[in-house]
Engineer: 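Before anything else, here's the structure in question.
Note that the structure is predicted; figures quoted are calculated from it, not measured.
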Amino acid sequence: MLIVGSVINLFTGFMALMIAAQGGELWVAAMVHFATLPYNVFLVLALWRTSGRSTVMAWTSLVWLGAVTML
């Protein structure tokens with residue numbers, strides 16, 4: 001989750017910044033940035049439903065979700 005999700009979020013975040021820097025519409029940049037949100041929520045929910053997860057891992061996934069959503 002941390003590696004694959006973070007790489008995908010870095011790519012879409014970079015694309016959103018490029019759209020905004022090139023003078024594109026801000027709503028398009030916001031849509032590109034938040035396009036991965038359903039996938040990120042899926043990753044976190046899948047981790048929370050895993051039977052062998054630790055409490056630290058579960059709460060770290062929530063922190064990760066907040067960080068990639070806001071950054």
Side-chain angles (χ1 to χ4, degrees):
M1 176 192 84
L2 288 176
I3 295 169
V4 174
S6 295
V7 168
I8 292 171
N9 284 299
L10 284 172
F11 177 72
T12 57
F14 178 73
M15 293 303 295
L17 285 174
M18 291 303 295
I19 291 169
Q22 295 294 325
E25 297 289 331
L26 290 180
W27 67 270
V28 174
M31 292 297 287
V32 169
H33 176 72
F34 290 113
T36 58
L37 188 59
Y39 180 66
N40 293 337
V41 170
F42 166 75
L43 288 175
V44 170
L45 289 176
L47 184 111
W48 274 77
R49 292 180 55 119
T50 303
S51 61
R53 68 168 167 82
S54 68
T55 305
V56 173
M57 186 185 308
W59 289 105
T60 302
S61 70
L62 287 178
V63 170
W64 174 83
L65 180 62
V68 298
T69 302
M70 292 301 142
L71 300 177

Engineer: Ignoring hydrogens and geometry, is there a side-chain-to-backbone donor-acceptor pair from S61 to A58 under 3.5 Å?
Structural biologist: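 Pair found, side chain donor or acceptor close to backbone of A58.
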
Engineer: Give a yes or no on whether L10 and L2 share a hydrophobic cluster (residues Ile, Leu, Val, Met, Phe, Trp, Tyr; joining criterion: side-chain heavy atoms under 4.5 Å apart).
Structural biologist: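 No; L2 is not reachable from L10 via cluster members.
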
Engineer: Can you get from I3 to V63 by hopping between Ile, Leu, Val, Met, Phe, Trp and Tyr side chains that sit under 4.5 Å apart?
Structural biologist: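 They do not share one cluster, since no chain of ILVMFWY contacts under 4.5 Å joins I3 to V63.
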
Engineer: Same cluster or not: are L62 and L71 linked, directly or through other Ile, Leu, Val, Met, Phe, Trp or Tyr residues, by side-chain heavy atoms under 4.5 angstrom apart?
Structural biologist: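 Each belongs to a different hydrophobic cluster.
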
Engineer: Can you name the residues that form a side-chain contact (heavy atoms from CB on, under 4.5 Å) with V7, not counting sequence neighbours?
Structural biologist: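 With neighbours one apart ignored, the set is empty.
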
Engineer: In chain order, what residues pass the side-chain hydrogen bond (donor to acceptor under 3.5 Å, both in side chains) check against N9, with sequence neighbours excluded?
Structural biologist: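 N9: side-chain hydrogen bond (donor to acceptor under 3.5 Å, both in side chains) contacts with T36, N40.
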
Engineer: Which residues satisfy the side-chain contact (heavy atoms from CB on, under 4.5 Å) test with A20, sequence neighbours excluded?
Structural biologist: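 Scan of A20 (side-chain contact (heavy atoms from CB on, under 4.5 Å), adjacent residues dropped) gives L26, A29.
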
Engineer: Among V68, T69, T12, find the one that has a side-chain contact (heavy atoms from CB on, under 4.5 Å) with L37.
Structural biologist: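 Exactly one pass, corresponding to T69.
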
Engineer: Just grab all the ring-ring contact (aromatic ring centres under 6.0 Å, His included) pairs involving residues 7-57, residues at least two apart or on different chains.
Structural biologist: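 Of all non-adjacent pairs touching residues 7-57, those that pass ring-ring contact (aromatic ring centres under 6.0 Å, His included) are W48-W59.
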
Engineer: With sequence neighbours excluded, tell me which residues meet side-chain hydrogen bond (donor to acceptor under 3.5 Å, both in side chains) with S6.
Structural biologist: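 Scan of S6 (side-chain hydrogen bond (donor to acceptor under 3.5 Å, both in side chains), adjacent residues dropped) gives W64.
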
